[in-house]
Amino acid sequence: MPINFFNLIFMAHVTNHLVIMAGGVGSRFWPLSTAGRPKQFIDVLGIGKSLLQMTFARFQDICDLSNVWVVTNQAYVDEVHAQLPSVRPDHVLSEPCRRNTAPCIAYVSWKIKTQDPNANIIVTPSDHIVVNENEFRRVVRQCLQFTAETDAIVTLGMKPNRPETGYGYIQADLSSPSARNREIFRVDSFKEKPDLQTALGYLRENNYYWNAGIFVWNVSTIVNAFRIYQPSISRIFESMKDVYGTPQEQEIINKRYPECESISVDYAIMEKAEEIFVCPADFGWSDLGTWSTLLMQSKQDLYGNGCIGQNIKLFDTHNCIIHTTEERKVVVQGLDHYIVAEKEGILLICKLSEEQRIKQFCED
């Protein structure tokens, strides 16, 4: 549909906001990450930037710095300030307890709405990586334009390249694209993490995409969705509209936030709302959920090894991930499909297939 005169007036007053969700415990990369320092705050790739800093950097051409928001657990507020000093201190929101993504998004949405009633928002996790950032920005910009013109909710769907069982999936209706943007399609359904046979079927169907947890919407759209589909959460944050930005805000949030149901935005909103769209994309995305996924995203030698650190020498070693950034010299011989990781005096050497069991054993 063509953009009419009234849409042009509306769009002229729309500003883009970025919300980074950074409150997760993120301890999958043990021993690098722990509950005290989750993976979003560590330099997983060994490039001098944490995953949080990389997330922030890839959006700098999409919205003004003054419109960047970070929602995190109160235990990590100081870490966010230290890693992102250019983000306004009052835009780092503190959750007193973990209540999953729906209350997190509701809190920041109501707060943004009090300051910018026409805000256009993109919400992203803090601990994912993107390889092709130019393509990523192109996709994000067109989704923001779409939500500025409509009352739709858009989620990004990652084109799968393997039968992944660790991700949720989005089933898209590819029979007819949106009239406003031919790269955006209606969502048929959201699927839970599948077993291997189901994931293989999704891969063959060609209209299933990984759910990356990246959402785009206008602030009025998401606030109205909470009012309709999650009235109990809506009432909590609506009742605080007069205290946002005041000295009393944190005290009242600390009191009222625990009243929220612990629920993801997928269950709370995405699976219930009607105007849900997906933009299929392929820009080299990964949520870096395991050492195995880090190996897949790392530059590998001829033998399938990924090395992160200085002066690492490998002999008769295949398909291993070596992360030893604090050591002056590391020599590994005779391993196949192993993790070798060191952090602050803790050394992990284990099979890639056993990483979750070993991590649980060592943390107990």
Side-chain angles (χ1 to χ4, degrees), residues 14-26 33-43 48-128 140 144 214-217 219 222-223 233 236-258 260 265:
V14 170
T15 52
N16 295 333
H17 289 246
L18 166 65
V19 172
I20 303 175
M21 299 182 292
V25 294
S33 58
T34 64
R37 191 174 174 82
K39 71 168 181 171
Q40 60 265 32
F41 300 120
I42 64 176
D43 181 10
K49 288 184 180 180
S50 70
L51 294 174
L52 172 63
Q53 291 169 323
M54 293 173 64
T55 300
F56 171 73
R58 76 175 65 106
F59 284 95
Q60 287 187 0
D61 294 334
I62 292 175
C63 73
D64 292 339
L65 184 59
S66 61
N67 292 335
V68 176
W69 303 78
V70 181
V71 187
T72 191
N73 186 272
Q74 60 185 8
Y76 310 142
V77 168
D78 290 342
E79 187 73 37
V80 172
H81 288 315
Q83 294 205 5
L84 300 179
S86 57
V87 174
R88 288 174 49 173
D90 61 322
H91 281 203
V92 178
L93 307 188
S94 171
E95 299 174 285
C97 57
R98 294 184 179 89
R99 284 296 183 266
N100 215 314
T101 54
C104 158
I105 289 170
Y107 176 22
V108 70
S109 297
W110 256 271
K111 190 169 172 71
I112 290 173
K113 189 170 174 60
T114 63
Q115 299 182 15
D116 187 356
N118 293 327
N120 218 17
I121 302 173
I122 181 162
V123 179
T124 181
S126 59
D127 53 1
H128 297 178
V140 167
L144 285 165
I214 302 174
F215 310 107
V216 187
W217 44 52
V219 69
I222 190 61
V223 164
I233 293 178
I236 290 171
F237 294 102
E238 187 76 25
S239 71
M240 293 186 285
K241 62 183 179 180
D242 293 332
V243 301
Y244 295 127
T246 71
Q248 293 76 39
E249 177 181 342
Q250 192 62 57
E251 178 184 355
I252 297 175
I253 283 291
N254 290 348
K255 179 181 178 181
R256 299 300 308 278
Y257 202 87
C260 295
V265 73

Without swapping roles, check the side chain of R99 against the backbone of P258 for a donor-acceptor pair under 3.5 Å. yes
More than 12 heavy atoms of other residues, nucleotides or ligands under 6.0 Å from CG of D78: is that the case? no
Give a yes or no on whether the backbone of V243 and the side-chain of Q248 come within a donor-acceptor separation of less than 3.5 Å. no
Could you give the distance from CH2 (W110) to NZ (K241), rounded to the nearest 0.5 Å? 10.5 Å
Hey, what do you get for CD (E249) to CG (D90), rounding to the nearest 0.5 Å? 9.0 Å
Go through it in stages, so that I can follow the logic: the residues are R37 and E79, the test is side-chain contact (heavy atoms from CB on, under 4.5 Å), and I'd like the CA-CA distance, side-chain angles, deciding distance and then a yes or no. CA-CA 9 Å; R37 191 174 174 82; E79 187 73 37; 3.0 Å; yes
Do T15 and D64 touch side chain to side chain, with heavy atoms closer than 4.5 Å? no
Tell me whether T72 contacts the main-chain N or O of V77 through its side chain, where contact means a donor paired with an acceptor under 3.5 Å. no
Does a side-chain heavy-atom distance below 4.5 Å link V71 with E95? yes
Taking the side chain as every heavy atom from C-beta outward, state whether F237 and S109 have any pair of such atoms under 4.5 Å apart. no
Has the side chain of H91 got a donor or acceptor atom that lies under 3.5 Å from a matching backbone atom of V68? yes
On the 0 to 90° scale, with breaks at 30° and 60°, tag the Y107-Y257 ring pair as parallel, tilted or perpendicular. perpendicular
Counting only N and O atoms by type, is there a donor-acceptor contact under 3.5 Å from the side chain of N73 to the main-chain atoms of G23? no
Test log, rule side-chain contact (heavy atoms from CB on, under 4.5 Å), inputs M21 and V123: CA-CA 7 Å; M21 299 182 292; V123 179; 3.8 Å; yes
Please give me the minimum heavy-atom distance between S33 and P38, naming the atom from each residue. CB-C, 4.0 Å
Heavy-atom closest contact (H128 atom, L51 atom, distance): O-CD2, 4.5 Å
Audit row: F56, L65, side-chain contact (heavy atoms from CB on, under 4.5 Å) steps and yes/no: CA-CA 10 Å; F56 171 73; L65 184 59; 3.4 Å; yes
With a cut-off of 6.0 Å (strictly less than), are more than 12 heavy atoms of other residues, nucleotides or ligands near CD of E251? no
About how many Å separate NZ of K113 and CD1 of I121, when rounded to the nearest 0.5 Å? 9.5 Å
Over all atoms of both residues, closest heavy-atom pair of A119 and H17: CB-CD2, 3.5 Å
Any side-chain heavy atom of V219 sitting closer than 4.5 Å to one from P117? no
Separation of I20 CD1 from D127 CG (nearest 0.5 Å): 11.0 Å
State whether the side chain of N120 and the backbone N or O of L144 hold a donor-acceptor pair below 3.5 Å, judged by distance alone. yes
NZ-CD1 distance between K39 and I42, expressed to the nearest 0.5 angstrom: 9.0 Å
Is it true that a side-chain atom of Q53 and a backbone atom of Q83 form a donor plus acceptor pair closer than 3.5 Å? yes
For the residue pair F59 and I122, establish whether any side-chain heavy-atom pair is separated by less than 4.5 Å. yes
Approximate separation, where rounding is to 0.5 Å, of I112 CD1 and I105 CD1: 10.5 Å
Please find the pair of heavy atoms, one from K111 and one from T114, that lie closest to each other, and give the distance. O-OG1, 2.6 Å
Taking all non-hydrogen atoms of both residues, which atom of W69 and which atom of N67 are closest, and how far apart? CD1-O, 3.3 Å
Do you know the tightest heavy-atom contact between D43 and K49? OD1-O, 3.0 Å
Taking side chain as C-beta onward, heavy atoms only, is V25 less than 4.5 Å from R98? yes
Please test I62 against L18 for side-chain contact (heavy atoms from CB on, under 4.5 Å), starting from the C-alpha separation and ending with a verdict. CA-CA 8 Å; I62 292 175; L18 166 65; over 6 Å; no
